[in-house]
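Beneath this line is the structure, given in structure tokens, with notes to follow.
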Amino acid sequence: MANPKKSGKLQVPKSDWQERVVAVQRVTKVVKGGKKMSFRAVVVVGNEQGKVGVGVGKATDVINAVKKAVADGQKQVITVPLTGANSIPHATTGRFGAARLILRPSAPGSGVIAGGATRTVLELAGVKNILSKQLGSNNLLNNARATIEGLSSLRSYNLSNV
């Protein structure tokens with residue numbers, strides 16, 4: 001088992017959390033002397049048990065950009081309510097920028113029917129049966145954030161809150 005102190009800011013062992021790089025893009029900023037190059041990384045962090053987060057990091061090299069994105073994703077973790085069939089409790093929509101997303105629960109055994117960054121977010125959240133459709137934008141970051149927004153709007157009936 002990994003030492004939690006060595007794994008950064010996580011309070012749980014690192015083996016419980018997974019990180020997946022969704023996109024690495026080379027970006028430039030025009031400054032007085034010319035163009036300054038840097039890399040932007042979009043990373044999804046999750047434990048496949050209902051907790052997931054999306055992070056963005058920028059640095060002059062890819063490795064540091066990914067590290068910053070992982071740290072950002074760990075700060076923005078949300079909890080997703082899952083049903084017994086590892087699906088979501090009800091249909092929902094997510095919106096971020098021009099990206100719109102429809103999420104609908106699906107029958108057991110149907111799998112994750114999603115594309116791009118949406119699939120990565122749903123898999124790391126632990127959702128096994130879901131239907132989704134991306135509308136509007138093809139931007140990976142906005143679709144990932146729309147997925148997070150849709151998942152965070154989910155509500156489930158919990159007897160412990162009564």
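These numbers come from a predicted model, not from an experiment.
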Between [atom1] on residue [X] and [atom2] on residue [Y], distance to nearest 0.5 Å:
X	Y	atom1	atom2	answer
Leu82	Ser87	CG	OG	8.5 Å
Asp16	Asn47	CG	CG	7.0 Å
Ser153	Ile88	OG	CD1	8.5 Å

[X] versus [Y]: any side-chain heavy-atom pair under 4.5 Å?
X	Y	value
Leu140	Val42	no
Lys133	Leu135	yes
Leu124	Glu48	yes
Val43	Val54	no
Trp17	Val77	yes
Lys51	Val80	no
Val52	Val45	no

Does [X] reach the main-chain N or O of [Y] with its side chain, forming a donor-acceptor pair under 3.5 Å?
X	Y	result
Arg145	Phe96	no
Asn129	Ala85	yes
Thr118	Thr147	no
Asp72	Lys68	no
His90	Leu154	no
Asp61	Ile63	no
Glu149	Arg95	yes
Gln134	Asn143	no

Could you go through residues 23-39 and list every donor-acceptor pair under 3.5 Å that involves a side-chain atom there, pairing it with any protein atom two or more places apart or in another chain?
from: Gln25; atom 1: OE1; to: Arg40; atom 2: NE; distance (Å): 3.3
from: Gln25; atom 1: OE1; to: Arg40; atom 2: NH2; distance (Å): 2.7

Can you get from [X] to [Y] by hopping between Ile, Leu, Val, Met, Phe, Trp and Tyr side chains that sit under 4.5 Å apart?
X	Y	value
Val21	Val62	yes
Val44	Ile113	no
Val66	Val56	no
Val22	Val70	no

Donor-acceptor contacts under 3.5 Å from residues 103-110 side chains, at least two apart:
from: Ser106; atom 1: OG; to: Ser110; atom 2: OG; distance (Å): 2.4
from: Ser110; atom 1: OG; to: Ala107; atom 2: O; distance (Å): 2.8

Do you know the tightest heavy-atom contact between [X] and [Y]?
X	Y	result
Ala117	Ala144	CB-CB, 3.9 Å
Ala146	Ala99	CB-O, 4.0 Å
Ala125	Leu151	CB-CD1, 4.5 Å
Ala65	Ala59	N-CB, 3.6 Å

In terms of heavy-atom contacts, does CZ of Arg20 have more than 12 from other residues, nucleotides or ligands at under 6.0 Å?
yes
Less than 4.0 Å between a side-chain N and a carboxylate O, is that true for Glu123 and Lys128?
no
